[in-house]
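Atoms within a ligand are numbered from 1 in the order they appear, just like the ligands themselves. We use all heavy atoms of the structure for the numbers below, so side chains are in, but hydrogens, waters and symmetry mates are not.
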Amino acid sequence: MATYQEIRQMWSDIGMDLEKHDGFLNIFPGIFKRIIQPQEGRPEKIDYFNKVVTSVHGRRPYELFEHKQKGGKVFGTYCVYVPDEVLLALGGISTGLCGGDQFWVPGGDKYLPANTCPLIKSSMGSRFDRTSPFCQVADMFIGEATCDGKKKAWEILSRDIPMHIMEVPQMKREKDIQRFTEEIWQLVESAQELTGNQLRFDALAEGIVTINNKRRALNRLNRTRQAAPVPISGKDALMVIQVAFYDDPVRFTEMTNILCDELDERINKQEGPFPADTPRIVVTGTPMALPNWKLHHLIETSGAVVVCEESCTGTRYFEELVDENRSDLTGQITALAERYMKTNCACFTPNQARAEDVIRYAKEFKADGVIDYTLQFCGLYSIESHLLREALREEGIPFLHLETDYSEQDSEQLRTRIEAFIEIIKN
Ligand code: BJ8
């Protein structure tokens, strides 16, 4: 394990602004101590994930740095439509880059209009301010054409770092899946060029199994949350899912399965951090990049518990698996396209499958209500909220739509609305 001196030297070597980054180091431990640490009744095996998060800019970036020193390449990604399997099969490592903290927003403000969503601002700020080791260690960023904000932000970002942009079709017809297959082939070309490696059937088969196993572990974790009492808080489950975007996939899978063994025991003993009759909430909407725990914290300190996230930091990331039984490279790439095109992002039209998923989760997780979380200025998700509300009303499922950013300014206002919602669903 690298020492603090070695990690600091690595930050300097990869071009970080150490002084500005010290600002992040001064506030981040406080966020963890205030939101995650004081929770009662946490499982013991969450400790591994605590360590990953509390050393988030140290331990894992150092592994990526060592990988590069041995000639390997690192890919930074912003969206769950990017097939990690391909990057892994080419000897690369992929890592999430989405910014989830207010600290980086002012850096993004310098390049983007005020009415841009905080996830984009934070992601841009972390790169341009040189305060994220993940952004600095990556050799290539992979962006995607999903929402307008991201598409335009990539044009600005590509002046600073080599970027490969994937076009994501916005409908799900047969010809769109075919188009996405072609997009994956183009990514293969770019990644082959960068890594100097050729994609091989065996390596991709292994990559598919590795990433599927990560998804299987996350699905297992999620299923434990169907129990009452829940064996793990929503905040801790979300933190594990967030770690999945950064950690080594094989180690992550192993540690998540160890955690799940403990959660299974807890279910048998009917143990958990909240009483069995605590109101249960499914959260849906825009992703919550690390360390965005704002909504979960408000819900779980207002008398309810989050039992599932229909989100890209939730089921959209891990529910569907890639078919492992294709017999050649062409078949494997088609299998990837088929799997990724099942993701129900609001950039698609129509997107009624998302509402169907939310209704299914509300039933499977015995939820008392659904909270729809939209990051401010995200037109896609805030507009889709109307149809979601109607679909849930038809099913008699209580629904609350909230729009917010990464700051703390509206927290008390949100708390008042969440408490009122919980009161309604309790009665
Ligand atoms: S598949 S949700 S990760 S695009 S919140 S930046 S949509 S304005 S993150 Fe996303 Fe891929 Fe879709 Fe998922 Fe734009 Fe909205 Fe901001 Fe968003």
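Side-chain N or O atoms of Lys235 include one that pairs as donor or acceptor with a backbone N or O of Ile35 at under 3.5 Å.
Note on ring orientation: taking the six-membered ring where Trp is involved, the planes of Phe49 and Phe252 are perpendicular (angle over 60°, cut-offs 30° and 60°). Relative orientation of the His57 and Phe24 rings is parallel, given thresholds of 30° and 60° on the angle between their planes.
A donor-acceptor pair shorter than 3.5 Å cannot be found between the side chains of Asn197 and Lys73. Using modelled atom types and a 3.5 Å distance limit, the side chains of Tyr361 and Thr315 yield a donor-acceptor pair. A donor atom on one side chain and an acceptor atom on the other are found under 3.5 Å apart for Glu85 and Tyr340.
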Just list the side-chain donor-acceptor pairs under 3.5 Å for residues 181-191, sequence neighbours left out, or say none.
residue: Thr181; atom: OG1; partner: Ile177; partner atom: O; Å: 2.8
residue: Glu183; atom: OE1; partner: Glu167; partner atom: N; Å: 2.9
residue: Ser190; atom: OG; partner: His164; partner atom: ND1; Å: 2.7

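With Arg216 as reference, Glu324 is the one residue of Glu319, Glu320, Glu324 to meet the salt bridge (charged side-chain N to carboxylate O under 4.0 Å, His left out) rule.
Contacts between Pro287 and ligand 1 below 4.0 angstrom, taking non-hydrogen atoms only, involve the side chain exclusively.
Around atom 15 (Fe) of ligand 1, the protein contributes the following N, O or S atoms at distances under 2.8 Å: Cys378 SG.
The protein heavy-atom contact nearest to atom 12 (Fe) of ligand 1 is Cys345 SG, 2.3 Å. The shortest contact between atom 1 (S) of ligand 1 and any protein heavy atom is with Tyr81 CE1, 3.3 Å. Among all protein heavy atoms, the one lying closest to atom 13 (Fe) of ligand 1 is Cys312 SG, 2.2 Å.
In this structure, atom 7 (S) of ligand 1 is in close contact with the protein, since a protein heavy atom lies within 4.0 Å of it.
When distances to atom 12 (Fe) of ligand 1 are checked against a cut-off of 2.8 Å, Cys347 contributes no N, O or S atom below that limit.
Side-chain rings of Tyr317 and Phe245 approach one another, their centers coming within less than 6.0 Å.
Interface atoms of ligand 1 facing Cys79, defined by a heavy-atom separation under 4.0 Å, are 1 (S), 3 (S), 4 (S), 11 (Fe).
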